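The residues of the chain are indexed from 1 along the displayed sequence. Since the model is a prediction, treat every value here as computed from it, not as a measurement.
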Amino acid sequence: MPADRNYTKIYVTPKVEKSLRNGHPWVFQDEVTAIDGTYENGQLVDVLSSKDKYLGTGFINDNSKILVRVVSTNTNDSFDRAFYERRIRYALNYRRTVMPNEFNCCRLIFGEADGIPGITVDRYDSVLVIQSLCLGTDLIKPMLIEILLVLLAEMGESIDTVYERNDLPVREREGMQQYTGFYEADNLKTDSNGKIIITENGIRFQIDYINGQKTGYYLDQKYNRLAVAKISKDRNVLDCFCHTGSFALNAAQAGAASVTAVDVSKAAINLVQENAKLNNLQRNMTYVNADVFEFLTELSRSSSHPYDLIILDPPAFTKSSSRIKNAIGGYRQINQMAMRILPRGGYLATCSCSHFVTDTHFRALLRQAATDVSVSLRQIEARQQAPDHPILWNVPETNYLKFYIFQVI
């Protein structure tokens with residue numbers, strides 16, 4: 001390691017040393033053995049082994065359980081504008097390669113998976129929606145946004161609005177305030193109502209990036225919705241937790257005999273109706289504003305089988321490892337009910353977006369749910385998130401979406 005480095009030194013346990021050498025970028029508070037020097041939260045620090053070997057450089061924040069988020073393991077890196085321009089250019093070029101036809105509507109930056117900790121950037125045509133959950137990244141956010149806008153312009157991509165959706169409680173745990181609002185800079189609009197129409201899989205959706213869930217839309221299910229569309233023709237489809245109606249409208253577009261969209265949010269149901277009209281798909285659509293658990297419970301008590309394709313796309317049932325057991329119980333319950341409602345030979349598309357509920361957990365609970373209602377599952381597809389949400393094999397937290405399609409027999 002060069003002798004002229006001026007960063008505070010953070011010494012870590014052998015366990016963390018192994019983890020960092022294997023590519024995981026986090027150092028937790030209880031994994032630090034010593035600190036040599038002083039620091040301010042959000043600054044860069046060097047992480048070293050007990051034998052004084054360099055392991056990486058990252059942002060420190062003692063408000064967070066994750067004390068250091070490593071940005072680089074290269075001692076030759078200078079953390080200037082050129083460094084972040086390389087990272088962002090690499091992220092953009094990756095999306096243009098793996099999603100060439102969807103570059104105008106995809107996730108451009110996915111935090112640690114793109115080497116820029118704690119920040120996500122979703123693109124909806126001319127709009128960028130940003131969430132920042134790492135203090136160090138937050139402090140350099142103006143530079144990151146400027147770089148993004150410059151590089152996208154170089155690529156011939158037009159962006160006129162940047163909106164910040166920093167309304168997540170985790171920001172407070174990181175010592176940052178929650179807020180939302182338009183990012184102000186030259187040539188950027190700040191007067192939008194948050195509504196924009198995007199196109200996905202040939203279907204138009206009006207989304208609301210100001211008031212909608214997350215950044216306004218769930219881009220990670222893009223290709224999973226196509227997989228459901230492939231088996232939807234002539235079927236009676238039930239889309240649970242429908243949000244903007246993305247699965248429902250993909251099924252309707254594919255020729256479903258009927259589609260019922262269910263969500264507890266009245267605003268979501270209104271948006272599904274608007275999107276159905278936008279695509280002239282309202283003829284065979286039914287909308288139900290109800291709690292999905294209650295709706296499925298009532299259906300499962302009936303001996304009739306009104307649906308032969310059920311889609312379960314619930315929100316994450318847990319955002320912490322301490323509640324995995326409860327989450328597994330919730331997932332098992334809704335899948336049991338869906339399997340009971342379906343006729344033999346019917347189809348089930350089901351998923352979990354909680355990274356705490358691993359694929360091993362999810363497969364086990366699905367197997368148990370099938371056993372509980374005396375059916376068998378014939379697997380059609382096993383899928384994950386779209387590649388604009390890249391999975392790093394050495395960072396399990398990036399591998400969060402489990403998606404299966406079965407025939408229930």
**Item:** Trace of the side-chain contact (heavy atoms from CB on, under 4.5 Å) decision for Leu48 with Ile10
**Value:** CA-CA 6 Å; Leu48 294 94; Ile10 308 296; over 6 Å; no

**Item:** Derivation of the side-chain contact (heavy atoms from CB on, under 4.5 Å) call for Thr350 and Leu366
**Value:** CA-CA 9 Å; Thr350 183; Leu366 290 172; 3.9 Å; yes

**Request:** I would like to know whether Arg21 and Leu55 meet side-chain contact (heavy atoms from CB on, under 4.5 Å); could you show each step before the answer?
**Result:** CA-CA 7 Å; Arg21 291 194 186 282; Leu55 299 173; 3.5 Å; yes

**Message:** Set out, in order, the CA-CA distance, both residues' side-chain angles and the distance that settles side-chain contact (heavy atoms from CB on, under 4.5 Å) for Asn335 and Leu348, then state yes or no.
**Reply:** CA-CA 9 Å; Asn335 280 280; Leu348 172 65; 3.8 Å; yes

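Note on Glu102 versus Arg96: no salt bridge recorded, every NZ/NE/NH1/NH2 to OD/OE distance being 4.0 Å or above. Using a 4.0 Å cut-off between a side-chain N of Lys or Arg and a carboxylate O of Asp or Glu, Asp220 and Lys214 do not qualify as a salt bridge. Classification of Arg171 and Asp138 as a salt-bridged pair holds, one side-chain N sitting under 4.0 Å from a carboxylate O. Arg235 and Asp308 are joined by a salt bridge, as a carboxylate oxygen and a charged side-chain nitrogen come within less than 4.0 angstrom of each other. Taking a cutoff of 4.0 Å between a charged side-chain nitrogen and a carboxylate oxygen, Lys53 and Glu17 do not qualify as a salt bridge. A salt bridge links Arg165 and Asp167; the closest N-O separation between the charged side-chain nitrogens and carboxylate oxygens is under 4.0 Å.
If you check the side chains of Asn166 and Ser132, you find no donor sitting under 3.5 Å from an acceptor. A donor and an acceptor atom, one from each side chain of Glu274 and Asn270, are nowhere located under 3.5 Å apart. For the residue pair Asp313/Gln221, the side-chain donor-acceptor check at 3.5 Å is satisfied. Residues Glu172 and Gln178 bring a donor and an acceptor atom of their side chains to less than 3.5 Å of each other. When only modelled atom types and interatomic distance are considered, Trp26 and Glu31 share no side-chain donor-acceptor pair under 3.5 Å. In the model, His389 has no side-chain atom that pairs as donor or acceptor with a side-chain atom of Gln384 under 3.5 Å. Tyr124 and Thr215 form a side-chain donor-acceptor contact under 3.5 Å, judged by distance and modelled atom types alone. In this model, a donor atom of one side chain and an acceptor atom of the other lie less than 3.5 Å apart for Asp125 and Asn104. No hydrogens or angles considered: a donor-acceptor pair under 3.5 Å links the side chains of Ser258 and Asn236. Between the side chains of Tyr287 and Thr260, no donor-acceptor pair is found at a separation under 3.5 Å. Judged by distance alone, the side chains of Tyr217 and Asp208 never bring a donor and an acceptor atom under 3.5 Å apart. With hydrogens and angles left out, the side-chain atoms of Asn279 and Arg204 include no donor and acceptor closer than 3.5 Å. At a cut-off of 3.5 Å, with distance as the only test, no side-chain donor of Tyr54 or Thr75 sits close to an acceptor on the other residue. A side-chain donor-acceptor contact under 3.5 Å links Asp62 and Asn41.
Counting non-hydrogen atoms of neighbouring residues, nucleotides and ligands closer than 6.0 angstrom, the CD atom of Glu154 exceeds 12 such neighbours. The 12-atom threshold is not exceeded at CG of Asn187, counting heavy atoms of other residues, nucleotides or ligands nearer than 6.0 Å. No more than 12 heavy atoms of other residues, nucleotides or ligands shown are found within 6.0 angstrom of CD on Glu40.
In this structure, Ile380 and Tyr347 have side chains that are in contact, with non-hydrogen atoms separated by less than 4.5 Å. Side-chain contact between Val292 and Val264 is absent, with no heavy-atom pair separated by less than 4.5 Å. Residues Val375 and Ile409 fail the side-chain proximity criterion, which asks for heavy atoms closer than 4.5 Å. The side-chain heavy atoms of Ser352 and Tyr400, taken from C-beta on, include no pair separated by under 4.5 Å. Looking only at side-chain heavy atoms (C-beta outward), Leu135 and Leu139 come within less than 4.5 Å of each other. Side-chain atoms of Asp160 and Leu188, non-hydrogen and from C-beta on, never get closer than 4.5 Å to each other. Two residues are said to be in side-chain contact when any heavy atoms from C-beta on lie closer than 4.5 Å; Tyr331 and Leu312 fail this criterion.
With hydrogens and angles ignored, the 3.5 Å screen pairs no side-chain donor or acceptor of Lys189 with any backbone N or O of Val162. Without hydrogens or angle criteria, Gln213 side chain to Pro315 main chain gives no donor-acceptor distance under 3.5 Å. Between the side chain of Ser64 and the main chain of Ile66, a donor-acceptor pair closer than 3.5 Å is present. Asn289 places a side-chain N or O within donor-acceptor distance of the main-chain N or O of Asp263, the cut-off being under 3.5 Å. With hydrogens and angles ignored, the 3.5 Å screen pairs no side-chain donor or acceptor of Ser78 with any backbone N or O of Asp80. With hydrogens and angles ignored, the 3.5 Å screen pairs no side-chain donor or acceptor of Ser302 with any backbone N or O of Leu299. Under a 3.5 Å cut-off, the side chain of Lys141 and the backbone N or O of Ile119 do not form any donor-acceptor pair. Judged by distance alone, with hydrogens and angles left aside, the side-chain atoms of Lys402 form a donor-acceptor pair with the main-chain N or O of Ser354 at under 3.5 Å. A distance-only check finds no donor-acceptor pair linking the side chain of His355 to the backbone of Asn399 [under 3.5 Å]. Side-chain atoms of Asp388 do not come within 3.5 Å of backbone N or O of Cys106 as any donor-acceptor pair.
Annotation for Ala261 and Ile269: closest pair O-CD1, 3.7 Å, computed over non-hydrogen atoms.
Looking at Ile35, Val27, Ile60 one by one, the single match for side chain to side chain contact (heavy atoms under 4.5 Å, CB included) with Val45 turns out to be Ile60. Among the candidates Arg87, Arg107, Arg95, the single residue satisfying the salt bridge (charged side-chain N to carboxylate O under 4.0 Å, His left out) test with Asp114 is Arg95.
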Side-chain donor-acceptor distances from residues 242-256 under 3.5 Å, at least two apart:
unit_1	atom_1	unit_2	atom_2	d
Ser246	OG	Arg225	NH1	3.0
Asn250	OD1	Asn201	ND2	3.2
Asn250	ND2	Ser246	O	2.7

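Distance CZ/Phe83 to CD1/Ile116: 8.0 Å, rounded to 0.5 Å. Leu144 CG to Ile88 CD1: the interatomic distance, rounded to the nearest 0.5 Å, is 5.0 Å. Going from atom CD of Glu381 over to atom CD of Gln379 covers 9.0 Å, rounded to the nearest 0.5 Å. One distance of note links CD of Glu174 with CG of Asn63; it measures 8.0 Å at 0.5 Å rounding. To the nearest 0.5 Å, atom CD1 of residue Ile196 and atom OG of residue Ser126 are 4.5 Å apart. Expressed to the nearest 0.5 Å, how far CG of Leu133 lies from CE of Met176 amounts to 6.0 Å.
Figure legend: Arg383 and Tyr223 shown without cation-pi pairing, the cationic atom not lying both under 6.0 angstrom from the six-membered ring centre and within 45 degrees of its axis.
Evaluation of the ring-ring contact (aromatic ring centres under 6.0 Å, His included) rule for Tyr183 yields no partner, not counting sequence neighbours.
If you look at Tyr404 and Phe406, their ring centroids are closer than 6.0 Å.
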